[in-house]
Each structure stands twice: as structure tokens, then as C-alpha cells.
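One structure is given here, and the rest of the page talks about it.
Just so we're clear, the structure is a prediction, and the values are computed from it rather than from any experiment.
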Amino acid sequence: MGESMRKRRKHLPILHKSCNFVPKFTNQEVLYTMTHNLLKGKRGIIFGALNADSIAWKVAVKAVEEGAQITLSNTAMALRMGTIDELSKQLNAPVIAADATSVEDLEKVFEESQKMLGGKIDFVLHSIGMSPNVRKHRTYDDLDYNYLQKTLDISAISFHKMLQVAKKQDAIAEYGSVIALTYVASHRTFFGYNDMADAKSMLESIARSFGYIYGREKHVRINTISQSPTPTTAGKGIKDMENLMDFADKMSPLGNASADDCADYCVMMFSDFTRKVTMQTLYHDGGFSSMGMSLRAMNQYAKDLAPYEDENGKVIYG
């Protein structure tokens, strides 16, 4: 063991007996992550992991570190495009291919997950969102309505289908926790976020409406987490994402929350420490959602709008 590692081990904190160190190997040295077994004995399903940039990927890793057993699910196309097989091997987590807009596919996910994991599901993450209008660079005042329907079906209605399938199968255990990822554009207008804002508004409404019924009947809690702008594969498709991230970071007293930070928050929401939290949109954004203007953001007003003007000098706000 090298001198730097001996020093690191020497200064490790004394932990409660329920805490463990999980070793991670990188650059030929051992790094230790403190875990608290928050999800020990729990079973979960993570929808939406694509690659190492995905928030769902980070949540899956953190959930297993905290003692959970999980299954992973994404579309067959996403499984081909991404690297989820690597995550599956790393976490010993089975992958179930499914289109989250298909009730039949979702029925298969919940049925097979319960068989594979040996019981009812304790937590579910919905990390699914996609807008063909954004991908095709259609502005909000010139939407393709077929694309809009796909945006809503994939990014919001899939959440309702997921919850309805789970409830009809009685697949989620009492006091289970379901989380969907959202964004503050559901409440405020953000340039370039387009019809995804409408989808996120619907997503949050579903969490409230279904949260009442599922909470009363099965004590299952349903919440959404409004995360800072994060450079995931989907996030990078938003116009001027780097500028949005910079602005949010300058506006937020604590700075932007990373994907790893979000994973920590999701794990807390899956745990028994949040058994009475439901039907909430929870802001995990470094304080951005409560800010009006910060000094660092104000300082950016020296810039002009020239990059957003058309050939006639008209500013394009879409």
C-alpha cells in the first residue's frame, strides 16, 4: 500500500456499525465510498439508463451500493445505442428491454422484475424523456403535432402507464417509492426547452393525481425531482445547453447539482427516511428555483443577442 493510501486510511472517519466502505477501483488505487445501507433488502426498477452520463445510470450504481437489488429497463434501440450491458455486469442487474409507452411491455417488466428479484418492488425510477420536435429543431410556434404526441407519450404518459400497470399487478410494496425526473421548465419558460416543458407539466400532474390514489390505497409515495440542467445524452440535445448550465450555475447559490448529487437524492427518496413525502415536486437545483437574479448572472448582461437574430435582424425567441 502506497504512502498516500496509508494516510488516507489513517484519517478515515469512525463509522456507525451500519455504515460500510465500498471500494472503487480507478487509476490503480482504491477509493472508498461511504455507504449507509439505506436500501438494504429493497428491490427496485430503474428505467432510462443509457450510458455513464445518464442520471439513471448513476442512480442504479448508488442504489446497489446502498444495498438494493435492481433490474434495468430501456427500449431495445436504446440498449443497442448505449452501454447498459456494462452496467448490468457491474451491478449484477438483469436488463429487461421494454418500450415504456407500451402497456404490454411494462406488464412484462414488472412481472419479470418481481420474479428475478424475489418479491414486490420497493422503488422505481422513471428517467425517460424525448422530444422529436427538439431533435428536428422545430420551434414551439411551429410544432409538428404528431411529434408532440410522441413527446407527451414518451415523456409523461409513460409515467401514468407505468403506475397503472404496477397498481393493477399490486407490484409495488407498501410504502414503496416512485420517482420521476422533471425540470423547472414545467413552471417557467426556458428558451429552447420547447414541448418538453408541456411534457414535464403533465408528468408532475400525474405524480400528484396518482399519488393521492396510490397513497391512500397502498401507502405508495410518488414524487418528482426537478434537477439542475445536466449534460446527459438527452440534455445535450437542448439548444445552447452549455449556456443554460452556465447561467443556472451562476444563478444558484450552491451551484448546479450533478448527476451524482441527484443519485444521492433519489436514494434518500427511495429510503424509509422519506415515508411521509408524496405528491411533491422536489427542487434539486442548488437553489436556482428560488432565485430571481444573482450578481454573477447580472454580470453577463454585457452580451448581446446577435447570435439569435435572423438575416433581417429579428430575434428568434422560439
Side-chain angles (χ1 to χ4, degrees), residues 38-39 42-48 55-56 59 62-63 66 68 73 100-101 103 106 109-110 120-129 151-190 193 195-228 230 257 261-290:
L38 292 180
L39 304 181
K42 292 189 180 296
R43 309 174 183 91
I45 305 174
I46 304 295
F47 288 90
I55 292 176
V59 173
K62 188 67 177 178
E66 290 294 337
S73 185
T101 67
V103 169
L106 290 170
V109 172
F110 280 96
K120 290 186 180 182
I121 305 304
D122 296 292
F123 62 88
V124 178
L125 176 72
H126 178 286
S127 181
I128 303 168
T151 298
L152 297 177
D153 200 18
I154 293 168
S155 308
I157 299 173
S158 64
F159 190 43
H160 192 286
K161 292 176 180 178
M162 191 178 294
L163 292 166
Q164 184 164 294
V165 165
K167 185 173 182 293
K168 286 185 176 181
Q169 288 188 8
D170 194 21
I172 299 179
E174 291 257 332
Y175 290 99
S177 176
V178 182
I179 292 291
L181 297 183
T182 187
Y183 186 54
V184 68
S186 60
H187 296 273
R188 303 181 187 180
T189 299
F190 282 78
Y193 204 69
D195 58 347
M196 279 299 295
D198 300 329
K200 294 302 186 184
S201 295
M202 181 182 286
L203 183 82
E204 293 171 16
S205 179
I206 290 168
R208 291 188 295 270
S209 298
F210 225 116
Y212 167 69
I213 298 169
Y214 224 157
R216 271 296 175 196
E217 294 188 12
K218 292 291 181 179
H219 300 115
V220 171
R221 56 200 195 273
I222 304 172
N223 295 284
T224 59
I225 291 177
S226 182
Q227 165 72 0
S228 295
T230 308
D261 294 330
C262 189
D264 289 338
Y265 196 29
C266 287
V267 164
M268 182 195 72
M269 292 305 301
F270 293 152
S271 78
D272 291 335
F273 286 104
T274 54
R275 285 162 68 94
K276 295 295 183 179
V277 181
T278 194
M279 301 166 62
Q280 302 298 309
T281 296
L282 303 165
Y283 291 96
H284 186 251
D285 58 9
F288 176 86
S289 53
S290 293

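Between the side chain of Ser201 and the backbone N or O of Ser186, at least one donor-acceptor pair lies under 3.5 Å. For the pair Glu66 (side chain) and Leu39 (backbone), a donor-acceptor distance under 3.5 Å is absent. Of the possible donor and acceptor atoms, one in the side chain of Thr274 sits under 3.5 Å from a partner among the backbone N and O of Met268.
Residues forming a salt bridge (Lys or Arg N to Asp or Glu O under 4.0 Å) with Lys42 (at least two apart in sequence, or on another chain): Asp272. Residues satisfying the salt bridge (Lys or Arg N to Asp or Glu O under 4.0 Å) criterion with Glu174, sequence neighbours excluded, are absent altogether. Under the side-chain hydrogen bond (donor to acceptor under 3.5 Å, both in side chains) criterion, Ser226 pairs with no residue, sequence neighbours left out. Taking Asp264 as the reference, Lys62 meet the salt bridge (Lys or Arg N to Asp or Glu O under 4.0 Å) condition, with sequence neighbours excluded. Looking at residues two or more places apart in sequence or on another chain, you find no side-chain hydrogen bond (donor to acceptor under 3.5 Å, both in side chains) involving Asn223. Tyr175 meets the side chain to side chain contact (heavy atoms under 4.5 Å, CB included) test with His219, Arg221, Arg275, Lys276; sequence neighbours excluded. Every residue was checked against the ring-ring contact (aromatic ring centres under 6.0 Å, His included) condition with Tyr283, not counting sequence neighbours, and none meets it. Applying the ring-ring contact (aromatic ring centres under 6.0 Å, His included) criterion to Phe110, with sequence neighbours excluded, gives no partner residue. Ala180 is linked by a side chain to side chain contact (heavy atoms under 4.5 Å, CB included) to His126, Phe159, Leu203, Thr224, counting only residues two or more places apart in sequence or in another chain. Qualifying side chain to side chain contact (heavy atoms under 4.5 Å, CB included) partners for Ala173, counting only residues two or more places apart in sequence or in other chains: Lys120, Asp122. Partners of Tyr183 under the ring-ring contact (aromatic ring centres under 6.0 Å, His included) rule, at least two apart in sequence or in another chain, are Phe190, Tyr193.
Contact between Gly286 and Ser228 at its shortest, heavy atoms only, is N-OG, 4.3 Å. Of all the heavy atoms in Met196 and Ser155, the pair that sits closest is SD-OG, 3.5 Å. Nearest heavy atom pair, residue Ala197 against residue Ala185, reads CB-O, 3.3 Å. Here the closest non-hydrogen pair linking Thr101 and Lys161 is O-NZ, 2.6 Å.
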Kindly indicate, with the supporting measurements, whether the criterion side-chain contact (heavy atoms from CB on, under 4.5 Å) is fulfilled by Phe270 and Leu125. CA-CA 9 Å; Phe270 293 152; Leu125 176 72; 4.0 Å; yes
Checking side-chain contact (heavy atoms from CB on, under 4.5 Å) for the pair Phe123/Ile179: CA distance, chi angles, key distance, verdict? CA-CA 8 Å; Phe123 62 88; Ile179 292 291; over 6 Å; no
side-chain contact (heavy atoms from CB on, under 4.5 Å) evaluation trace for Val178 with Tyr214: CA-CA 11 Å; Val178 182; Tyr214 224 157; 5.6 Å; no
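With rounding to the nearest 0.5 Å, the separation of SG in Cys266 from CD1 in Ile225 is 4.0 Å. In this structure, Ile206 CD1 and Leu163 CG are separated by 8.0 Å, a value rounded to the nearest 0.5 Å. Atom CG of Asp285 sits about 11.5 Å away from atom CG of Asp261, to the nearest 0.5 Å. Distance check, rounded to the nearest 0.5 Å: CG of Leu152 to OG of Ser158 gives 10.5 Å. Rounding to the nearest 0.5 Å gives a distance of 12.0 Å between CD1 of Ile157 and CD of Gln164.
Under the 4.5 Å side-chain criterion, counting only non-hydrogen atoms from C-beta, Met162 is in contact with Ile128. Looking at Leu181 and Cys262, their side chains come closer than 4.5 Å, going by heavy atoms from C-beta outward. Within the 4.5 Å cutoff, no side-chain heavy atoms of Ile172 are placed close to those of Lys218.
A salt bridge (charged side-chain N to carboxylate O under 4.0 Å, His left out) check over residues 202-217, counting only residues at least two apart or in different chains, returns the pairs Lys167-Glu217.
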